[in-house]
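When reading the values below, keep in mind they use all heavy atoms of this one structure, side chains included, and skip hydrogens, waters and symmetry mates. Naming: A, B, ... by sequence-line order, numbering from 1 per chain.
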Amino acid sequence: MAQKFWLMKSEPDTYSIDHLKKDQTTWWEGVRNYQARNYMVKDMQVGDGVLFYHSNAQPPGVAGLAFVSHLAVADNSQFDKKSSVYDPKATKEKPNWFCTQVQFKAKFKNLISLNQIKVDERLKEMIVIKKGSRLSIQPVQKSDFDLICGLDETEKKKKG
DNA sequence: GCCAACGTTGGC
DNA sequence: GCCAACGTTGGC
């Protein structure tokens, strides 16, 4: 199956690209949105590219790169009564929520800010800039993924 | 902290 | 099945 590309949001106060760099891999637990869940369960494949996005950040934007390192499994946080994302309706036999594993690839030298994406005419199709878009896991076109990777390279060159 | 946009819940 | 009420997301 062809490699796909994703944007995955995380609040850096909770889990930033630096956390992922330290951990190297993490289970993407806590997603409680059906559309986002379905992308993980049905569409994500090992090796898919991930733009690691910092939401609720100053500024918000793409902080680095990761890739899918394991297919979706049951999200254990749904069974944890002490968790803020506990789901009383879920059972071990019939889990409601799933998560893929994500592995660190790179931290951008300079964060590609949401505003930078907004003003770039070439990136106008990206879901993340659509008004009211709250989807925490979104598909990304390969061309957009490559372009954003390239923007980081450009920054590196400018600095010499 | 504000609030617009969105998703979910539940009464009817 | 409709839709008002509510809770959450996330930029600003």
Side-chain angles (χ1 to χ4, degrees), chain A residues 4-23 26-44 48-68 72-102 104-141 143-145 147-152 154-155:
Chain A
K4 290 191 279 290
F5 300 90
W6 307 94
L7 181 148
M8 297 173 82
K9 296 181 184 174
S10 182
E11 299 192 16
D13 289 348
T14 307
Y15 199 87
S16 71
I17 189 76
D18 290 319
H19 290 113
L20 184 61
K21 186 175 182 180
K22 185 156 69 73
D23 296 344
T26 192
W27 292 102
W28 207 265
E29 292 184 338
V31 169
R32 294 295 181 268
N33 170 283
Y34 288 105
Q35 207 177 341
R37 180 199 71 177
N38 291 345
Y39 281 135
M40 284 197 285
V41 171
K42 295 183 179 169
D43 297 322
M44 274 192 193
D48 283 2
V50 173
L51 300 174
F52 193 106
Y53 180 91
H54 282 177
S55 62
N56 266 316
Q58 277 185 356
V62 179
L65 301 175
F67 61 96
V68 177
V73 299
D75 176 344
N76 277 322
S77 66
Q78 71 194 302
F79 308 124
D80 180 3
K81 283 184 179 153
K82 286 172 293 193
S83 171
S84 60
V85 286
Y86 170 66
D87 183 349
K89 283 173 284 186
T91 63
K92 297 251 182 190
E93 293 71 33
K94 214 163 182 237
N96 210 5
W97 305 104
F98 298 84
C99 56
T100 53
Q101 188 192 58
V102 163
F104 178 81
K105 186 168 178 192
K107 178 184 177 180
F108 283 168
K109 199 140 193 156
N110 300 93
L111 178 134
I112 310 301
S113 71
L114 178 63
N115 191 59
Q116 205 174 333
I117 296 171
K118 277 182 180 168
V119 299
D120 195 320
E121 189 61 20
R122 298 166 295 177
L123 297 172
K124 64 181 177 192
E125 296 300 322
M126 288 193 74
I127 295 167
V128 72
I129 59 169
K130 308 271 179 188
K131 195 177 174 186
S133 171
R134 302 177 355 183
L135 193 55
S136 64
I137 296 177
Q138 328 173 344
V140 174
Q141 291 179 20
S143 54
D144 294 342
F145 184 93
L147 203 149
I148 285 176
C149 294
L151 287 175
D152 187 57
T154 308
E155 291 298 316

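- The shortest distance between side-chain heavy atoms of A:W28 and A:T26 falls below 4.5 Å.
- For the pair A:Q138 (side chain) and A:V128 (backbone), a donor-acceptor distance under 3.5 Å is present.
- The OH atom of A:Y34 sits 11 Å away from the C1' atom of B:dG7 (whole-angstrom rounding).
- Spacing between atom CG of A:L7 and atom P of C:dG10 amounts to 10 Å, rounded to whole angstrom units.
- Judged by atom type and distance alone, A:R32 does not reach the base of C:dT8 through any side-chain donor-acceptor pair under 3.5 Å.
- Salt-bridge check for A:D152 with A:K109: failed, with every basic side-chain N at 4.0 Å or more from each acidic carboxylate O.
- When distances run from any side-chain atom of A:R134 to the nucleotides B:dT8, B:dA5, C:dG11, the shortest one goes to B:dA5.
- Distances shorter than 4.0 Å separate none of the side-chain N or O atoms of A:K131 from OP1 or OP2 on B:dA4.
- With B:dT9, C:dG11, B:dG7 as the candidates, the nucleotide lying closest to the side chain of A:S55 is C:dG11.
- Residue A:L135 contributes atom CG, which lies 13 Å from atom P of C:dT9 at whole-angstrom precision.
- What separates CH2 of A:W97 from P of B:dT8 is a distance of 7 Å, to the nearest Å.
- Taking atom CG of A:N33 as the reference point, atom C1' of C:dG7 lies 14 Å away to the nearest angstrom.
- Of the candidates C:dG10, C:dG11, B:dG7, C:dG11 carries the atom nearest the A:L114 side chain, counting heavy atoms from C-beta on.
- Residue A:K118 is classed as a sugar-phosphate contact, given heavy-atom separations below 4.0 Å to backbone atoms only.
- Separating the CG atom of A:D13 from the P atom of C:dT9 is a distance of 14 Å, rounded to the nearest angstrom.
- Going from atom CD1 of A:I117 over to atom C1' of C:dG11 covers 13 Å, rounded to whole Å.
- A sub-4.0 Å separation between OP1 or OP2 of C:dG11 and a side-chain N or O of A:Y53 is present.
- Heavy-atom nearest nucleotides on DNA chain B were determined for A:S133 and for A:N56, and the one closer to the 5' end corresponds to A:N56.
- In this structure, CD1 of A:I127 is placed 18 Å from P of C:dT9, rounded to the nearest angstrom.
- In this model, the phosphate group of C:dG10 is approached by a side-chain N or O of A:K9 to a distance below 4.0 Å at OP1 or OP2.
- One side chain, A:R32 or A:S77, offers a donor N or O that lies under 3.5 Å from an acceptor on the other.
- The 5' end of DNA chain B is approached more closely, in terms of each residue's nearest nucleotide, by A:G132 than by the other of A:K89 and A:G132.
- A donor-acceptor pair under 3.5 Å is absent between the side-chain atoms of A:K21 and the main chain of A:F104, judged by distance alone.
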